[in-house]
There are 2 protein chains.
Amino acid sequence: MNLNFDVESFTKDFENCCNKVQKKTFEKNEVIMSYIQKREQFCILISGNADLVRYDLNGNRTIIDHFTTNDIFGEVFYYVTTNNELLVEAKSKCEVLIYSYQNIHHKCKQNCKFHQKLIEYLPELILNKVTDLNMRVELLTKRSTRDKLLGYFNLLSTRTLSKTFKLPFSLTDLADYLSVDRSAMMRELKLLKEENFIKKDGKFITLLYK
Amino acid sequence: MNLNFDVESFTKDFENCCNKVQKKTFEKNEVIMSYIQKREQFCILISGNADLVRYDLNGNRTIIDHFTTNDIFGEVFYYVTTNNELLVEAKSKCEVLIYSYQNIHHKCKQNCKFHQKLIEYLPELILNKVTDLNMRVELLTKRSTRDKLLGYFNLLSTRTLSKTFKLPFSLTDLADYLSVDRSAMMRELKLLKEENFIKKDGKFITLLYK
DNA sequence: GTTTTTCTGTTGCAAAAGCAACAAAGTAAA
DNA sequence: TTTACTTTGTTGCTTTTGCAACAGAAAAAC
């Protein structure tokens with residue numbers, strides 16, 4: 001969920017106006033944000049990468065979303081309905097801009113450019129979220145681990161316009177993203193290799209079919 | 001995904017202006033809309049109910065969404081990324097308003113109220129969609145049929161503010177919605193009854209725990 | 001009010017997925 | 001560079017899920 005305007009100039013804008021913005025640094029595995037209650041806040045990731053995860057009562061971890069540089073996240077993009085806590089966890093050292101607002105949809109009193117741009121881009125950002133979520137639902141509704149894997153690989157292949165691509169996750173995290181058991185997923189990956197559906201070299205996957 | 005303004009007066013508005021609107025009737029099981037390509041069109045369901053479904057290559061049917069009176073649907077709410085065809089199927093006789101637009105986000109030349117209201121409500125409608133999708137992802141990431149069922153029941157219980165509620169689906173459709181095998185789901189339902197987690201009388205479910 | 005179709009409920013069996021545990025490889029930290 | 005930690009790869013065993021098939025109940029169509 002990437003902002004396609006320049007975050008640097010953007011930063012200057014709000015420094016001149018909306019003083020409720022902080023720049024913070026998080027170490028690996030620190031919690032950047034918790035969605036347990038609706039805090040009027042969102043974040044832009046300046047550097048590093050982080051995951052939006054949920055832990056259920058059985059201790060299963062699910063990766064809901066994955067953020068990299070310039071991605072934006074916050075409750076407004078989720079409208080959380082869940083009982084479970086959602087956490088944004090830093091996967092590496094992260095620099096984050098944290099913006100607290102009274103009402104994201106309306107202009108601030110100072111009428112700063114930050115807000116203007118945000119309101120302008122918000123519908124687009126939210127539509128991107130819808131696209132992501134639809135894609136996610138499509139993957140998750142696949143009945144078998146094999147179909148989930150192939151579905152995800154197809155997606156990456158389509159995105160990169162290449163039969164070979166690099167997984168953005170560790171295999172452990174990929175299992176949490178596809179919501180399957182890691183060992184079962186590894187077994188399925190082995191079968192896919194043996195049956196010549198894919199080639200795998202570390203995090204690089206090549207599709208061999210079609 | 002419900003419009004919370006009066007569809008009747010709304011209808012008169014665009015009859016006076018945007019002439020690209022049709023009212024159509026569909027019989028049960030007819031396809032109201034296909035999302036295979038991005039047609040610039042959306043629909044409002046005046047009466048009846050319909051499902052947004054996807055059939056995958058293995059013939060599995062998945063119910064993505066369920067529409068009732070005054071619900072609105074169309075590609076703009078999905079931004080389809082899939083290879084599979086999405087279909088809106090009438091579950092009963094349906095009356096539908098079909099609106100073709102050049103650009104949903106911009107005013108039409110005649111500047112009619114229809115468009116005005118639509119543009120006004122669109123962000124809200126899309127945010128509702130995000131909420132639905134998040135809820136859906138939450139359900140689908142549950143690892144077992146049992147957890148999916150209980151998760152869904154909890155949701156209905158929370159919505160109706162009652163331990164007893166009526167399933168909006170047939171059990172067959174519920175299985176397609178939760179993306180599990182129907183017979184496995186029936187087995188799990190039986191176990192849940194036997195273990196006194198739930199009581200079931202036709203489509204009425206009562207939660208017995210907590 | 002009878003027929004036809006769909007939905008519910010059930011089961012045996014086969015296949016898939018999850019669990020637990022561990023070793024080896026890779027990566028980060030001291 | 002040694003140590004600690006994380007990730008990958010693997011496997012035996014158990015549990016869950018899916019498949020296929022069928023009978024009875026309920027609903028819809030005639």
Side-chain angles (χ1 to χ4, degrees), chain A residues 27-30 48-49 51 53 56 58-63 89-93 139-150 166-195 198-205, chain B residues 27-30 48-49 51 53 56-63 89-93 140-150 166-195 198-205:
Chain A
E27 298 302 317
K28 188 178 169 181
N29 294 326
E30 271 194 279
N49 65 101
D51 288 337
V53 298
D56 69 17
N58 308 321
N60 288 314
R61 174 172 180 273
T62 305
I63 297 181
E89 292 178 347
K91 296 291 289 178
S92 64
K93 190 172 179 173
L139 277 185
L140 291 171
T141 54
K142 295 195 186 292
R143 306 293 168 101
S144 64
T145 301
R146 167 167 296 209
D147 284 349
K148 286 182 184 172
L149 281 170
L150 290 178
K166 190 182 177 194
L167 295 175
F169 291 124
S170 72
L171 294 174
T172 305
D173 285 353
L174 179 59
D176 286 343
Y177 183 74
L178 298 178
S179 209
V180 295
D181 178 73
R182 188 188 63 85
S183 69
M185 189 190 81
M186 295 299 291
R187 186 162 33 205
E188 205 55 47
L189 273 175
K190 199 171 77 175
L191 289 175
L192 284 171
K193 279 188 283 185
E194 284 170 13
E195 296 170 28
I198 62 165
K199 219 167 61 188
K200 179 174 173 299
D201 180 23
K203 287 207 172 60
F204 286 89
I205 304 282
Chain B
E27 298 303 316
K28 187 177 168 182
N29 294 326
E30 272 194 276
N49 64 100
D51 288 336
V53 299
D56 69 17
L57 299 171
N58 308 320
N60 288 313
R61 175 173 179 271
T62 305
I63 296 181
E89 292 179 344
K91 295 291 288 178
S92 64
K93 191 173 181 172
L140 291 171
T141 53
K142 295 194 186 294
R143 307 294 167 102
S144 65
T145 302
R146 167 166 296 211
D147 284 349
K148 285 181 185 174
L149 281 170
L150 291 178
K166 191 182 177 195
L167 295 174
F169 291 125
S170 72
L171 294 175
T172 305
D173 284 353
L174 180 59
D176 287 343
Y177 183 74
L178 298 178
S179 211
V180 294
D181 179 73
R182 188 188 62 85
S183 68
M185 188 190 81
M186 294 301 289
R187 187 163 32 208
E188 205 55 47
L189 273 175
K190 199 171 76 177
L191 290 174
L192 285 171
K193 278 188 285 185
E194 283 170 12
E195 296 170 29
I198 63 165
K199 219 168 61 187
K200 178 173 174 301
D201 180 22
K203 286 207 172 62
F204 286 89
I205 304 282

Base, sugar-phosphate, or nothing: which does B:Arg146 touch, judged by heavy atoms less than 4.0 Å apart?
-> nothing
Are any of the side-chain heavy atoms of A:Lys91 and A:Ile63 separated by less than 4.5 Å?
-> no
Inter-residue atom distance B:Leu189.CG - B:Leu149.CG, 0.5 Å rounding = 5.0 Å
Whole-Å distance separating the CG atom of B:Asn60 from the C1' atom of D:dC19 | 11 Å
Roughly, in whole Å, what's the span from CG in A:Asp147 to P in C:dA15?
-> 17 Å
Taking for B:Ser179 and for A:Lys28 the nucleotide of DNA chain D with the nearest heavy atom, the one nearer the 5' end belongs to A:Lys28
May I ask you to verify if any side-chain N or O of A:Ser183 is less than 4.0 angstrom from the OP1 or OP2 atom of C:dG18?
-> no
Does anything in residues 168-178 of chain A reach DNA chain C, meaning a heavy atom under 4.0 Å, and if so which residues?
-> none
Checking B:Lys200 side chain against B:Gly202 main chain: does a donor-acceptor pair fall under 3.5 Å?
-> yes
How is B:Lys200 classified with respect to the nucleic acid when contacts are heavy atoms under 4.0 Å: base, sugar-phosphate, or nothing?
-> sugar-phosphate
Send over the distance from A:Arg143 CZ to D:dT17 C1', rounded to a whole Å.
-> 11 Å
Which comes earlier along DNA chain D counting from the 5' end, the contact point of A:Met186 or that of B:Ala184, where each point is its nearest nucleotide?
-> A:Met186
With respect to the phosphate group of D:dT8, does any side-chain polar atom (N or O) of A:Lys190 fall under 4.0 Å of OP1 or OP2?
-> no
Please check if the side chain of B:Ser92 supplies one atom and the backbone of B:Asn49 the other of a donor-acceptor pair under 3.5 Å.
-> yes
The reported gap from CG in A:Leu192 to CD1 in A:Ile205 (rounded to nearest 0.5 angstrom) is 9.0 Å
First locate atom CG of B:Leu140, then atom OG1 of A:Thr62, and finally report the distance between them rounded to the nearest 0.5 Å.
-> 11.0 Å
Between B:Lys91 and B:Arg187, just flag the one whose closest nucleotide in DNA chain C comes earlier from the 5' side.
-> B:Lys91
Figure out the CZ/P separation between B:Arg61 and C:dT6, and round it to whole Å.
-> 12 Å
Euclidean distance, atom CZ of residue B:Arg182 to atom C1' of D:dC19 [Å, nearest integer] = 11 Å
Value in whole Å for how far the P atom of C:dC19 lies from CE of A:Met185 | 15 Å
Could you go through residues 175-182 of chain A and list every donor-acceptor pair under 3.5 Å that involves a side-chain atom there, pairing it with any protein atom two or more places apart or in another chain?
| residue | atom | partner | partner atom | Å |
| --- | --- | --- | --- | --- |
| A:Asp176 | OD2 | A:Arg61 | NH1 | 2.6 |
| A:Ser179 | OG | B:Thr141 | O | 2.6 |
| A:Ser179 | OG | B:Arg143 | NE | 3.2 |
| A:Asp181 | OD2 | A:Ser183 | N | 3.2 |
| A:Asp181 | OD2 | A:Ser183 | OG | 2.5 |
| A:Asp181 | OD2 | A:Ala184 | N | 3.0 |

Can you check the B:Leu189 CG to C:dC7 C1' distance for me, whole Å?
-> 14 Å
A:Asp181 atom CG is separated from D:dG12 atom P, nearest whole Å, by 16 Å
Looking for any heavy atom pair under 4.0 Å, which part of the strands does A:Ser144 touch: base, sugar-phosphate only, or nothing?
-> sugar-phosphate
